[in-house]
Amino acid sequence: MTVGIVGAGQLGRMLALAGYPLGLDFLCLDPVREAPAGQVAPLLSGAFTDRRLLTQLARRCEVVTFDWENVSVESLATMRRAHGARICPPVAALATGQDRVAEKRLFGKLGVPTTRWRAVDSRRQLMRALTDIGLPGVLKTRRLGYDGKGQAVIGSPADAERAFAALGAVPLIYEERVPFDCEVSIIGARSTSGETVIYPLCGNVHAQGILRLTRAPYGPAAWQRRAATYLERLLEHFDYAGILTIEFFVRRGRLIANEIAPRVHNSGHWTIEGAATSQFENHLRAILGLPLGSTRALGHAAMINLIGSVPPREQLLKVPGLHLHDYGKEARPGRKVGHVTLVEPSAARRDARALDLIEKLAAGVGIP
Ligand code: AMP
């Protein structure tokens, strides 16, 4: 049974690595021949919109999924229409996830709290949004933003003018800046049969818009229940199949939804070693209609992203219990090139070890 993956990044690579023990085969599509998933699975090399390659993918695969949020909705919809390809997660969820305004509207409709926001298509609307929502705020592109790209913190009307000019003549959204206490995410899987499982809540730390650290399980049981309820509403709404993630800000114990990701998520990488079944395996089980695996945490996990370059593996592997994932990418500043995970018997020990490791990685002095 072959699973098609549009996009061959690290998420596709980890999907393939999770699927081989289940007896699955993979076929990826990506413009970059050396892409991370292309190193472990067959790859069709070409544009995400290449009709000939999309047709091949549709014909050769039982189900087609994606590992990248900005895959063309139109291309996937054409694959479904013209070739009867089964696309999971649903294209409607992808389309919503690509547009911050559609996302906010859906949260509103389903009773999931969000920041206050306004759509901004002109300088006049921007000034109006500043008056309505106030300062400070965050001005973001509605589409194609990731890892903090396409957004600017606004502290004054002059900042807003500058950001408006810099972000270009594209649809924008202005949001209230939430002075959050922490950030969390909830990840769950729903299978084609409607079976649903939800992972323990993840606590996330970002810097310059990029995820640096995830710890799980995280936070009080009340947050877990709230987040799970919100996630279940979205899963039902889309008649979803696969993994879905919601990212939240937490302010005075209140969960405020920021965005969704209709795919396996960086904050779920800890599940490879830290949960009974990884998010990657459960995504595959879900889209193939197989029974879902337990999401139980096996301990207290910390996942640290390796940004820019992977430190010498001899040094990393000296750290007792450390699991290394090298995505096979070329080093480049700001790029996610790998991650490491620790699983500990207590939250206190996990936190101490994770902080120590982060300091050493940041100092670039290697790990003694
Ligand atoms: P996003 O691309 O929306 O996920 O934003 C990346 C990161 O920027 C978030 O994880 C937050 O750390 C920060 N951020 C984005 N929007 C806001 C906001 N409205 N208030 C406070 N922080 C934000």
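When a ligand or atom number is given, it counts from 1 through the structure's own listing order. Predicted model only: the values in this text are computed from it and were never measured.
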| message | With heavy-atom distances below 4.0 Å as the criterion, list the atoms of ligand 1 near His206. | response | 10 (O)

| Using a distance-only test with no angle check, is there a side-chain donor-acceptor pair under 3.5 angstrom linking His300 and Ser346? | no

| task | For the residue pair Arg335 and Glu330, establish whether any side-chain heavy-atom pair is separated by less than 4.5 Å. | result | yes

| task | Among Arg142, Arg116, Arg118, Lys104, find the residue that satisfies the salt bridge (charged side-chain N to carboxylate O under 4.0 Å, His left out) test when tested with Glu175. | result | Lys104

| request: Would you mind listing which atoms of ligand 1 come within a distance below 4.0 Å of any non-hydrogen atom of Val138? | output: 17 (C), 18 (C), 19 (N)

| query | Considering only heavy atoms, does Asn204 approach ligand 1 within less than 4.0 Å through its side chain, its backbone, both, or neither? | reply | neither

| query | Using heavy atoms and a threshold below 4.0 Å, how should the contact between Arg100 and ligand 1 be classified: side chain, backbone, both, or neither? | reply | side chain

| query | So, does Glu176 use its side chain to make a donor-acceptor pair with the main chain of Thr115 at under 3.5 Å? | reply | no

| query | Can Asn282 and Thr277 be counted as having a side-chain donor-acceptor contact under 3.5 angstrom? | reply | no

| Purely on distance, is any nitrogen or oxygen of Glu176 under 3.5 Å from one on ligand 1? | yes

| field | For Val178, atoms of ligand 1 separated by under 4.0 Å from a heavy atom | value | 18 (C), 20 (N), 21 (C)

| said: At under 4.0 Å between heavy atoms, is it the side chain or the backbone of Arg177 that contacts ligand 1, or both, or neither? | reply: both

| Is the side chain of Arg13 donor-acceptor paired with the backbone N or O of Ala8 at a distance under 3.5 Å, no angle test? | no

| said: With heavy-atom distances below 4.0 Å as the criterion, list the atoms of ligand 1 near Lys140. | reply: 3 (O), 15 (C), 16 (N)

| Should you measure from each heavy atom of Asn258, which atoms of ligand 1 turn up under 4.0 Å away? | 1 (P), 3 (O), 4 (O)

| Quick check: does any side chain N or O of Thr114 sit under 3.5 Å from a backbone N or O of Val112, one acting as donor and the other as acceptor? | no

| Atoms in ligand 1 flagged as close to Glu183, the criterion being non-hydrogen separation under 4.0 Å | 9 (C), 10 (O), 11 (C), 12 (O)

